Every structure is written in structure tokens, then in C-alpha cells.
Participant: 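The structure's right below; bear with me while I get my questions together.
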Protein chains: 2
Amino acid sequence: MTQICYFCSMDLQEFLEEGDKLFLPNLSIDLVIIGFEEGHLKCLLLKMGNKWLLPGGYIRRDQSVDEAARTILKDRTNLEDPHLQFLSVFGDSERRPGLGSEWKDFILNSGVKWDEGYWVNDRFVSLTYYALVDINKTHPTVHNFDEAYGWFHFDALPDIWMDHDQILKKARNRLKEDINRELITHNLLPDKFTMPELHKLHQAILEEKLDRSRFQKKMLASGLFERLPKLQKDTPGRNPYLYRLKKQGV
Amino acid sequence: MTQICYFCSMDLQEFLEEGDKLFLPNLSIDLVIIGFEEGHLKCLLLKMGNKWLLPGGYIRRDQSVDEAARTILKDRTNLEDPHLQFLSVFGDSERRPGLGSEWKDFILNSGVKWDEGYWVNDRFVSLTYYALVDINKTHPTVHNFDEAYGWFHFDALPDIWMDHDQILKKARNRLKEDINRELITHNLLPDKFTMPELHKLHQAILEEKLDRSRFQKKMLASGLFERLPKLQKDTPGRNPYLYRLKKQGV
DNA sequence: GCAAAAGTGTTGAGACTACACCCATGT
DNA sequence: ACATGGGTGTAGTCTCAACACTTTTGC
């Protein structure tokens, strides 16, 4: 049975046997793609057998590591330029995708023969990135290496493959650290948003209550946002203003 | 001619031909080793031909990436546990040690035949770390891949190999960023030091004047240091106290 | 005594905290 | 009218920058 592998023109068998001619061996990229919905931070995971894993891929020999990460993100989400940043290296010596049964089962279920010696069964050092996306603009695609996708609350994760739970944990903490250094959170919201929405987002990221008044003043004082006409809504209470990111001056 | 390669029992020829059985291919580690002397930040560089490069090495298949970095640092400096932290990934697609003439010349000068196809001539992704060391406790060793070592001012660097100048630049900036988050700077000083010394160090790192009074109060308020008897010296002016890092409470 | 170096104090400006208060809207 | 949610104001506290002052030493 021939199966086209999403990131190249090879079929699966060819990919397993000599994918390392096209890709760097022993190196993979894994992405933690983070969105915000219904007041909760969520991450995008893919299903392989009875486990869930991070979207990932390999580095083409003609691509830089950053380009590879961006390509994988684009392939998975159809997003061109969200906030994408390097997270960390996961480099344990016993880090082998083939150790558990999920990967092997997938290969066998694909009607391809299994070989311990495939380059993809060797040790892999993972270069991880995290991306902040507008969850409504993201349209994940499912390829041959996975059966389904899902957005999961960070505090209600399913059964995770390999060490991908550690990667998720690291991303969650990094986000907490980065939020005060750079105001990057707007990437998680639509182009236009209200201060109460941004306020809820910050509280969700930091996992603590923030004073409304102070928050609003701090955000406005940053000078990053411009106020638009008020939002029309049909819930009780005053109508909030809409904001959007100011265009950068030259 | 047989030459022993420092990180394994292979000779050079064997290392070039099948070193990738022992090490991960396409992956290298480079270290920016930073010290402080005579009021200036310095970094350790090695000489290869007419260029200077960072101490580096490869990742043994039975070692984690972090272990490999620590091993290389130990081999180069005889230091066991200085501050060692991940810096960044350098992953350009055209990042090949063999592109310039220095590497080829070194191989040929070693009396070994040259082959474009050696694994070490392929593209390499570099995982970089930076280490803060007490320059007086550091006794660099020179191995077969380099002729000499030297400590260089960051603002008076020699001719640098490949993209190692970019790595140095990144480390220099990272240090500036990290100094205010964590108080890691004592790693650059001897066990016992004075506040004026620490003050000069911070000014050197940040490349700006810091108010003496404020600096001293901030350091003492951190509670990290304990005061020792005064230093005896024979220069004009009052004798400063010595300080050392407080032992961590349980 | 005086200059140089080290250590400490003081004062004002600005940021942060915790509220209280005012505004707009739906019921 | 009033409950609900959004926006703004204010007084107290805390931190921090700038500079002045004091102490210790060598000459």
C-alpha cells in the first residue's frame, strides 16, 4: 500500500527507508500551538493510536531550523505569521520515538513493514517552539501520521505521547514568564478585542486575579493599542470599547 | 600518521570516517565561555589556522545534550560546575564547517586525506551554551583540533571562524538580559569578593554606569551574600568588606 | 589634614495597590 | 429603579533614582 507523506513527494515506505536523504537525521521539531477560547488557554494536539502528541516534523536539508518550524506550522494550521518563538531543546539520550508501541503500531497499521533500523526509530533531539494563534483563524489539518486533532485545556490534557507532556509544561511556564516582558498576548485574540477580554486572557495565563483598574491603565499606558468605536452587544451592562494593535510608526 | 582525538579513543582518520557511529551527525555544541578580568569581560577562543573559534564538540549517542555540553566544558576548562546555560540554536541551511578553507587545511596538515563526504563536512546545527567562569580557576587545554587558546575582550575580538561571531554577540546580549533576572554574576568572581568588584562587573556587563549607593543596597537586600571581615589592602581609601555567597538554607 | 575609596542616608518622583466612584445598558 | 458590567479617579504605600553625607585608610 502506498501512502503519500505530507511533507514530501515520497510514499511512506520510501520515507522510512531513506527520508534522511531529504531530512536531517536525529533532529525533530515539535510545536506547542496555543490558543484562547471560552476563557481558557488551549493547545493543539494530534491523535496517534491511543495517545496524543504535539504537531511536529523534520528539518529539510535545504531549510534552516526556523524555516522548518514555520513550514510545519503553516502545514498544520494554514497560518502564515503568528507569534512563533523558540522554546527549548529536549535532548535526553534515551529519547526514541520507537520505544513505545504507538509509533510501531501506526507503521504496521499503515501496511508497511517495520524495521528497528529505520532512521525515524533512532534517538531524536527535539527542537521545540511555541506559537500563539487566534484559534478562530486556525484550521488544523490532519495528515497521514495522525488520525484526529483537538484543542485541549492545559489543565485537562489527555494521555500524552513520550515526553510531550514535559514540552507542554515548559511552554505553559514560558508563556507566564514572557507575558510581562513583551506584550505578545494579542496574538491569541482576534484583530479587534475588548479590554475585558484581554484582562481575562492575562488572568488565564498568569493563573491569578488581576486588578481591573490597574490592568486597564497599564495596557492603555503601553500605547500599543488604539481605541475603536464601542462594541454593540446584547448582554447587561455597559458596552466596552474595541481595541486593535496600533500600526507601527516608521 | 595517527592522531588521538580528544573525545574518544579513535584516531583522526577513524573519527573522520565513522565518528558518526559514536556521535550524532549534523549536530554540534558550541560554548561561549565568559570570564572577568581587569575590569573587562572576556571570552575563551581557540585558534585554528588564522581564525579563532569557540570551544565545541559533538554529542555522544549515549549522552544527553546537556551532559555533552558539560563534558565539553570539563574537557576544555577542567571546571566541574560553573554556571552553564543554554543559549540558542544556530540552524542556517548553509551552515557547513567545510565551506571555508581553515577546516580543510587543518585536516590536510594533520596528514590525513580529505573527503568532501566526511560526516563532519556536512551541514551542522549548532546548539550553543554559555558558561560563566572564574577566570583564575580555569585552566584551558589545547587539543588536536586547535593550536592555541586565548582570552579576548568582547570588544576586541580577533578574526572569527564561520558564524561564531554571531554566537558571541548573542551570548553578550543574553548576559545583559539575564543579569537582572537572576543574580548569576558571582560565578565570574572568586569565592570571596568585594562590593566594588561586583559593582564594576555589573557595569561591565551592562555597559553603563550604575549608582554605587543603589547597587550596594540592592545587592545586600537580595540576602544572597554574607559579609566577612574587611579586606586588608594597601591602596588609598577605606578597606572594603569581603562577601561570599550564603549557603542555601534547606 | 587631605584625597581617595567605601559605606550609608535623605529626599522627591514615579509606579503600584486597593479600593471607591461614576457611566451605560438590559431587565 | 436596579443589577450588571465597563471605565476612571484617588489616597496610601512602595520602589527607585540622584545626590549628599559620613567613615576609613594612605600619604
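Keep in mind the model is a prediction, meaning the values are calculated, not measured. Chain A is the first sequence line, chain B the second, and so forth, proteins listed ahead of strands; every chain is numbered from 1.
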Participant: So, B:D191 and B:K137, do they make that salt bridge, N to O below 4.0 Å?
Facilitator: yes
Participant: What is the distance, to the nearest angstrom, from the CZ atom on B:F215 to the C1' atom on C:dG7?
Facilitator: 14 Å
Participant: Applying salt bridge (charged side-chain N to carboxylate O under 4.0 Å, His left out), which residue pairs with at least one partner in residues 198-207 of chain B are found, sequence neighbours left out?
Facilitator: B:R172-B:E207, B:K176-B:E207
Participant: Check the side chains of A:S93 and B:E67 for a donor-acceptor pair under 3.5 angstrom, ignoring hydrogens and angles.
Facilitator: no
Participant: Base, backbone or nothing for each nucleotide of nucleotides 16-27 of chain C, written B, S, -, heavy atoms under 4.0 angstrom, 5' to 3'?
Facilitator: SBBB---BBBS-
Participant: Rounded to the nearest Å, what distance is computed from the CG atom of residue A:L242 to the P atom of nucleotide D:dG7?
Facilitator: 10 Å
Participant: Between A:D146 and A:R76, does any NZ, NE, NH1 or NH2 come within less than 4.0 Å of an OD or OE carboxylate oxygen?
Facilitator: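 Looking at A:R76 and A:D146, the cut-off is met.
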Participant: Can you measure A:Y241 atom OH to D:dG6 atom P for me and round it to whole angstrom units?
Facilitator: 13 Å
Participant: I need the CE-P distance between B:M219 and C:dA6, as an integer number of Å.
Facilitator: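 Going from CE in B:M219 over to P in C:dA6 covers 16 Å.
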Participant: Quick one: does NZ or CZ of B:R227 land under 6.0 Å from the six-membered ring centre of B:Y241, within 45 degrees of the ring axis?
Facilitator: yes
Participant: Rounded to whole angstroms, how far apart are CG on B:L231 and P on D:dT25?
Facilitator: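 One finds 11 Å between P of D:dT25 and CG of B:L231, rounded.
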Participant: Give the rounded distance in Å between these two atoms: CZ of A:F193 and P of D:dG6.
Facilitator: 15 Å
Participant: What integer distance in Å separates A:N180:CG from C:dA15:C1'?
Facilitator: 14 Å
Participant: Does the side chain of A:Q216 get closer than 4.0 angstrom to OP1 or OP2 of D:dG6 through an N or O atom?
Facilitator: no
Participant: For residues 28-38 of chain B, tabulate all N or O donor-acceptor pairs below 3.5 Å that involve a side-chain atom, not counting sequence neighbours.
Facilitator:
unit_1: B:D30; atom_1: OD2; unit_2: B:S126; atom_2: OG; d: 2.7
unit_1: B:E37; atom_1: OE1; unit_2: B:K42; atom_2: NZ; d: 3.0

Participant: When you get a sec, tell me which of D:dG7, C:dT8, C:dA6 is the closest nucleotide to the side chain of A:R227?
Facilitator: D:dG7
